[in-house]
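Structure first, commentary second.
Since we're looking at a predicted model, the values are computed, not measured.
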Amino acid sequence: MRAKNKEFNCQLVTAFAAELSPVSVVPQEIGRVLLNLYNNAFYAIQQRSDRELEGYEPTVWVSTRLLPGRVVICVKDNGSGIPEAIREKIFQPFFTTKPTGEGTGLGLSLSYDIITKGHGGTIEVKSTEGKGTELSIQLPF
């Protein structure tokens, strides 16, 4: 993000579970998914930061936790959020909320396919417009 905007800055908060069960994944694919989620989070906090005058602290949280039979990875931001009217569409191919030329509409679609079809997991979104978004990946082990 800083390559595009030298003024970009945010707080990154991590909370990784101490003991996680090994998960069999294709590292390059999971890396692609996580990079997409990070880029979307950074974009959302930049959008909100451009509108907020004072007191806004752009933050991205990344966490992991263990649930019975699965590992959960969460990427959460306090950015602009996703309007409820379009939330169901965000995993559809070629759907984007970004202006023309800034998004292909393939990032979340490919991420969804990698997680669900490629790894037998799930990916869910929770969002409040104007407050932020949390994407949660669950991978079986």
Do E19 and L66 make a side-chain contact, defined as non-hydrogen atoms from C-beta onward lying under 4.5 Å apart?
no
What closest approach, in Å, do S49 and P58 show between heavy atoms, and which atom pair accounts for it?
OG-CG, 4.2 Å
Tell me whether R32 at atom CZ has more than 12 heavy atoms from other residues, nucleotides or ligands lying less than 6.0 Å away.
no
Point-to-point distance, once rounded to the nearest 0.5 Å, from OG of S21 to CZ of R70:
12.0 Å
Got a second to check how far I114's CD1 is from I123's CD1, nearest 0.5 Å?
9.5 Å
Same apolar cluster (I L V M F W Y, side chains within < 4.5 Å links), Y43/Y112:
yes
In terms of hydrophobic clusters joined by side-chain contacts under 4.5 Å, are V60 and V72 together?
no
Between G107 and N36 the two heavy atoms that sit nearest each other are CA-ND2, 3.2 Å
V75, V125: one ILVMFWY side-chain cluster at the under-4.5 Å cut-off?
yes
Can you name the nearest heavy-atom pair linking N5 to E7, along with the distance?
OD1-N, 2.9 Å
Roughly how far, to the nearest 0.5 Å, is the CG atom of L139 from the OG1 atom of T116?
11.0 Å
Run the numbers on I137 and T122 for side chain to side chain contact (heavy atoms under 4.5 Å, CB included), then give the verdict.
CA-CA 6 Å; I137 296 169; T122 62; over 6 Å; no
Same cluster or not: are L34 and L20 linked, directly or through other Ile, Leu, Val, Met, Phe, Trp or Tyr residues, by side-chain heavy atoms under 4.5 angstrom apart?
yes
For Q92 versus E88, what's the shortest heavy-atom pair and its separation?
NE2-O, 4.2 Å
Is the backbone of N78 close enough, under 3.5 Å, to the side chain of R48 for a donor and an acceptor to pair up by distance?
yes
T64 side-chain N/O to A17 backbone N/O, donor-acceptor pair under 3.5 Å
yes
Give a yes or no answer on whether the side chain of S80 reaches the backbone of G130 with a donor-acceptor pair at less than 3.5 Å.
no
Going hydrophobic residue to hydrophobic residue with side-chain gaps under 4.5 angstrom, can you get from F16 over to L37?
yes
Classify the angle between the aromatic ring planes of F42 and F8 as parallel (below 30°), tilted (30 to 60°) or perpendicular (above 60°).
perpendicular
Considering non-hydrogen atoms only, spot the tightest contact between P140 and V23 and give its length.
O-CG1, 3.5 Å
As an exercise, state the distance from OG1 of T133 to NZ of K126, rounded to the nearest 0.5 Å.
12.0 Å
Take Y38 and V62, measure what side chain to side chain contact (heavy atoms under 4.5 Å, CB included) needs, and give me the verdict at the end.
CA-CA 9 Å; Y38 302 149; V62 181; 3.8 Å; yes
Pairwise side-chain contact, C74 with R65, heavy-atom cut-off 4.5 Å (strictly under)
yes
Nearest 0.5 angstrom please: Q46 CD to D77 CG, how far?
12.5 Å
Once you round to the nearest 0.5 Å, how far does CG of L110 lie from NZ of K117?
10.5 Å
For the residue pair V26 and H119, what are the closest heavy atoms and their distance?
N-NE2, 3.0 Å
Intermediate values then yes/no, side chain to side chain contact (heavy atoms under 4.5 Å, CB included), I73 and V33:
CA-CA 11 Å; I73 305 167; V33 169; over 6 Å; no
Begin from the C-alpha positions of I86 and F95 and carry the test side chain to side chain contact (heavy atoms under 4.5 Å, CB included) through to its verdict.
CA-CA 9 Å; I86 64 168; F95 180 82; 3.7 Å; yes
